[in-house]
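Treat the numbers as computed from the prediction; the structure is a model and nothing was measured. In each ligand, atom 1 is the first atom listed, and ligand 1 is the first ligand listed.
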Amino acid sequence: MFASITLKGAALLRRVEQSKRVGRRIRVALTALLLPLVVGSAASVDSPENGSVAESRIVGGVPASTADHPWMAALTTPNGDLYCGGALVAPDKVVTAAHCLVLPSEQGVRVKSRTDVRVVVGRTDLRTTEGVQAGVRSIWVHPRYSSFVEGEDVAVITLDRRIDAPTATLVGHGDERLYSPGTPATTMGWGRTSENGATSATLRSLDLPMIADADCARSYPEYDPAAMVCAGYLEGGRDACAGDSGGPLIVEGRVVGLVSWGDGCAREGSPGVYTRLLEYRSLLAHQTGV
Ligand code: ARG
């Protein structure tokens, strides 16, 4: 507890010293604030059937089915526009990123109104009515969340109904080895299939290796190994992207991370940063009952 606060303080000081990096930090932060709006209003038009975009989907991924990932959740606006992912971990609990559930405000952040969020499970193609949709009873956002580059990018939605689907398994105490560099992982979502492209109407998944803290820290001065973990490809080309946020990073069938942030998408030297869920395991147990 104290150790993590001290680390946090040190990380903040480091950040202040890195004023020359502020330009990029602002770019990353602005992308974060603006993208959910843009994504939310864009129609999900990048049909995978048109086959015209060579290096696309999630970015560089392959088609996936909710039949194989029955707990994979899409967060949508009341109009049905996708803006984030999540994981059903109990019949009425969805784990997602904090930044999917807050709005910027003068005091830092404000939690979205529960009526602004819908949760869809079991719908590979968001243009269909397959699967089930639920509304939101309540939203818990990590109390110290302020922006994803500062960590604590985790939240839990309590649904207004129970969804009868297999649930995802969260990383457990003692699962540290799942974060070892090079370990094969998978992420998925309906997010953009290129940095400035449209979101995908259909679920896409991407296999990617876990990345060492030292490599991630070289990519991002904001990287905090006590709250985040990187996964992906330093050479670029394959990555999660806007709209995938809150979706899972899976290792050996366990959700070890949540899509959180990155500098653009799939750029060389800028892998995806994920919420390090093991760090929040006790809080999540308390919030989800699992
Ligand atoms: N934060 C963005 C969102 O709201 C995208 C996060 C992932 N970015 C990345 N390059 N891996 O969806």
Side-chain angles (χ1 to χ4, degrees), residues 24-42 44 46 55-61 73-77 81-87 96-104 109 112 117 141 145-155 185-200 203-211 215-216 219-220 222-223 227-250 256-276:
R24 196 190 60 165
R25 276 184 55 215
I26 289 172
R27 181 152 49 86
V28 172
L30 278 180
T31 308
L33 294 176
L34 297 177
L35 278 184
L37 300 173
V38 177
V39 170
S41 57
S44 300
D46 190 15
E55 39 48 85
S56 66
R57 328 309 181 186
I58 226 186
V59 178
L75 307 193
T76 76
T77 66
D81 293 321
L82 169 97
Y83 72 91
C84 272
T96 185
H99 82 265
C100 293
L101 294 171
V102 303
L103 302 164
V109 295
K112 281 188 188 182
V117 182
V141 169
Y145 175 78
S146 56
S147 74
F148 51 62
V149 289
E150 294 176 278
E152 280 76 66
D153 194 9
V154 60
T186 303
T187 189
M188 67 187 79
W190 292 267
R192 291 184 176 198
T193 56
S194 62
E195 185 172 320
N196 298 306
T199 57
S200 176
L203 184 63
R204 310 288 305 187
S205 79
L206 173 68
D207 291 342
L208 69 183
M210 302 297 283
I211 291 181
D215 288 331
C216 193
S219 295
Y220 299 112
E222 306 89 341
Y223 180 67
M228 310 166 188
V229 63
C230 273
Y233 298 89
L234 294 169
E235 70 270 26
R238 289 170 282 181
D239 192 8
C241 197
D244 292 319
S245 282
L249 179 69
I250 303 154
V256 302
L258 302 173
V259 177
S260 183
W261 59 282
D263 188 16
C265 302
R267 295 185 188 179
E268 184 183 345
S270 300
V273 187
Y274 297 76
T275 307
R276 189 184 289 260

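- Of all atoms in ligand 1, numbered sequentially from 1 with element shown, those under 4.0 Å from a heavy atom of Val259 are 6 (C), 7 (C).
- Remark: side-chain polar atoms of Tyr223 are paired, donor with acceptor, to backbone N or O of Met228 under 3.5 angstrom.
- Contacts between Ser260 and ligand 1, counted as non-hydrogen atom pairs separated by less than 4.0 Å, involve the backbone only.
- Within the listing of ligand 1, atoms 6 (C), 8 (N), 9 (C), 11 (N) sit less than 4.0 angstrom from a heavy atom of Trp261.
- Under the 4.0 angstrom criterion for non-hydrogen atoms, Gly232 is not in contact with ligand 1.
- A heavy-atom distance below 4.5 Å is not found between the side chains of Thr199 and Trp190.
- Short contacts between ligand 1 and Gly243, defined as distances under 4.0 Å to a heavy atom of the residue, involve ligand atoms 3 (C), 12 (O).
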Verify side chain to side chain contact (heavy atoms under 4.5 Å, CB included) between Asp215 and Cys230, making sure each step is shown before the conclusion.
CA-CA 9 Å; Asp215 288 331; Cys230 273; over 6 Å; no
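- Those atoms of ligand 1 with a heavy atom of Gly262 less than 4.0 angstrom away are 8 (N), 10 (N).
- Under a 4.0 Å criterion applied to the non-hydrogen atoms of Cys241, ligand 1 contributes the atoms 5 (C), 12 (O).
- A side-chain donor-acceptor contact under 3.5 Å links Asp207 and Thr186.
- Neither the backbone nor the side chain of Cys100 comes within 4.0 Å of ligand 1, counting heavy atoms alone.
- In summary, the atoms of ligand 1 found under 4.0 Å from a heavy atom of Asp239, numbered by their order in the structure, are 9 (C), 10 (N), 11 (N).
- Residue-ligand proximity: His99 is placed with a non-hydrogen atom under 4.0 Å from ligand 1.
- Residue contacts with ligand 1: Ala266 is placed with no nitrogen or oxygen under 3.5 Å of a nitrogen or oxygen of the ligand (distance criterion only).
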| request: In sequence, state the C-alpha distance, the side-chain angles, and the governing distance for Thr187 and Leu208, and then conclude on side chain to side chain contact (heavy atoms under 4.5 Å, CB included). | output: CA-CA 8 Å; Thr187 189; Leu208 69 183; 4.1 Å; yes
Decide side chain to side chain contact (heavy atoms under 4.5 Å, CB included) for Val256 and Met210; before the verdict, give the C-alpha distance in whole Å, the side-chain angles of both, and the deciding distance to 0.1 Å.
-> CA-CA 10 Å; Val256 302; Met210 302 297 283; 4.3 Å; yes
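- The residue from Ala240, Ser245, Cys84 that puts a heavy atom closest to atom 5 (C) of ligand 1 is Ser245.
- The ligand atoms of ligand 1 that sit less than 4.0 angstrom from a heavy atom of Gly272 are 11 (N).
- Residue-ligand proximity, Cys265 to ligand 1, at heavy-atom distances under 4.0 Å covers atoms 10 (N).
- Residues satisfying the side-chain contact (heavy atoms from CB on, under 4.5 Å) criterion with Leu103, sequence neighbours excluded, are Arg110, Lys112.
- Taking the six-membered ring for Trp and thresholds of 30 and 60 degrees, His99 and Phe148 have ring planes more than 60 degrees apart, a perpendicular arrangement.
- Here's the thing with Gly264: one of its N/O atoms is less than 3.5 angstrom from an N/O atom of ligand 1.
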For Asp239 and Glu195, what are the C-alpha separation, side-chain angles and deciding distance, and is it a side chain to side chain contact (heavy atoms under 4.5 Å, CB included)?
CA-CA 10 Å; Asp239 192 8; Glu195 185 172 320; over 6 Å; no
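- Judged by distance alone, with hydrogens and angles left aside, the side-chain atoms of Tyr220 form a donor-acceptor pair with the main-chain N or O of Pro271 at under 3.5 Å.
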